[in-house]
Amino acid sequence: GDSVTQMEGPVTLSEEAFLTINCTYTATGYPSLFWYVQYPGEGLQLLLKATKADDKGSNKGFEATYRKETTSFHLEKGSVQVSDSAVYFCALSVRYSTLTFGKGTMLLVSP
Amino acid sequence: ETGVTQTPRHLVMGMTNKKSLKCEQHLGHNAMYWYKQSAKKPLELMFVYSLEERVENNSVPSRFSPECPNSSHLFLHLHTLQPEDSALYLCASSQDGLRAANYGYTFGSGTRLTVV
């Protein structure tokens with residue numbers, strides 16, 4: 001079946017540090033890939049997406065590139081802020097199926 | 001404003017109570033979902049409705065009863081819950097029925113449920 005594996009958290013960084021959150025997947029078809037973010041006390045918000053190999057999704061300084069050869073979709077940001085503290089979920093969707101989520105990675109950014 | 005509104009935001013109920021969670025979307029989506037999010041557990045998909053028809057029910061106990069009267073509204077009726085049902089319940093919607101592959105889902109802010 002389809003699955004998403006994310007690195008264990010929490011990831012603890014100082015403000016302005018570089019962020020990488022790893023995500024790898026297995027899928028029976030050709031998936032679309034997503035990153036969602038959940039701020040404390042809120043629901044999930046779509047952060048970025050990529051629908052085909054080598055596509056790069058980007059939003060709010062975050063980026064992720066769809067790597068079919070390594071079945072990965074790692075999330076990166078060059079300089080994190082305290083306001084980026086949240087839980088980040090990697091997800092995939094194969095056509096006509098529901099979204100499959102990873103377990104989430106908590107990011108804590110200190111001043 | 002996310003486009004998906006859930007009410008109430010917080011709910012405390014006793015194990016013998018009956019309550020309902022409400023979800024409303026004005027995005028023109030035609031599929032809606034209920035998820036359960038418990039501490040230290042992955043997101044659990046509970047129910048899926050596409051074009052107002054329930055298409056997925058992931059072995060959810062009968063004390064949870066969904067209702068989708070139209071494509072804009074989704075309810076989760078609760079009765080005789082257990083303390084382990086305490087969680088954040090998230091509603092989501094998507095375009096093109098189950099063909100969410102290119103669009104993803106839009107989530108509400110959730111209802112924080114506490115069963116005492």
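None of these values were measured; they are calculated from a predicted model. The sequence lines fix the lettering, A, B, ..., with proteins before strands; numbering per chain opens at 1.
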Separation between [atom1] of [X] and [atom2] of [Y], rounded to the nearest 0.5 Å:
{"X": "A:Gln38", "Y": "B:Ser109", "atom1": "CD", "atom2": "OG", "value": "10.0 Å"}
{"X": "B:Thr106", "Y": "A:Gln45", "atom1": "OG1", "atom2": "CD", "value": "10.5 Å"}
{"X": "B:Tyr35", "Y": "A:Leu44", "atom1": "OH", "atom2": "CG", "value": "9.0 Å"}
{"X": "B:Leu45", "Y": "A:Thr100", "atom1": "CG", "atom2": "OG1", "value": "9.0 Å"}

* Heavy-atom proximity to chain B below 4.5 Å, by part of A:Phe89 -> side chain
* Identify the heavy atoms of A:Thr98 and B:Tyr105 that sit nearest to each other, and give their distance. => CA-OH, 3.1 Å
* **Shortest non-hydrogen separation from B:Arg9 to A:Gly41 and the atoms involved** => NH2-O, 2.9 Å
With a sphere of 6.0 Å drawn around [atom1] of [X], does it hold more than 12 non-hydrogen atoms of other residues, nucleotides or ligands?
{"X": "A:Met7", "atom1": "CE", "answer": "yes"}
{"X": "A:Glu8", "atom1": "CD", "answer": "no"}
{"X": "A:Glu16", "atom1": "CD", "answer": "no"}

* To do: Could you please spell out the steps behind the side-chain contact (heavy atoms from CB on, under 4.5 Å) verdict for A:Glu42 and B:Leu90?
  => CA-CA 9 Å; A:Glu42 297 296 323; B:Leu90 292 165; over 6 Å; no
* **Intermediate values then yes/no, ring pair (Phe, Tyr, Trp, His ring centres under 6.0 Å), A:Tyr36 and B:Phe107** => CA-CA 10 Å; A:Tyr36 282 83; B:Phe107 282 83; 5.7 Å; yes
* To do: Report yes or no: do B:Val12 and B:Leu76 belong to one cluster of Ile/Leu/Val/Met/Phe/Trp/Tyr joined by side chain heavy-atom distances under 4.5 Å?
  => no
* Asked: Would a hydrophobic clustering, with Ile, Leu, Val, Met, Phe, Trp and Tyr connected at side-chain separations under 4.5 Å, put B:Leu27 with B:Phe75?
  -> no
* **Partner chain A: residue of B:Arg112, B:Gln37, B:Lys41 with the largest heavy-atom pair count (under 4.5 Å)** => B:Gln37
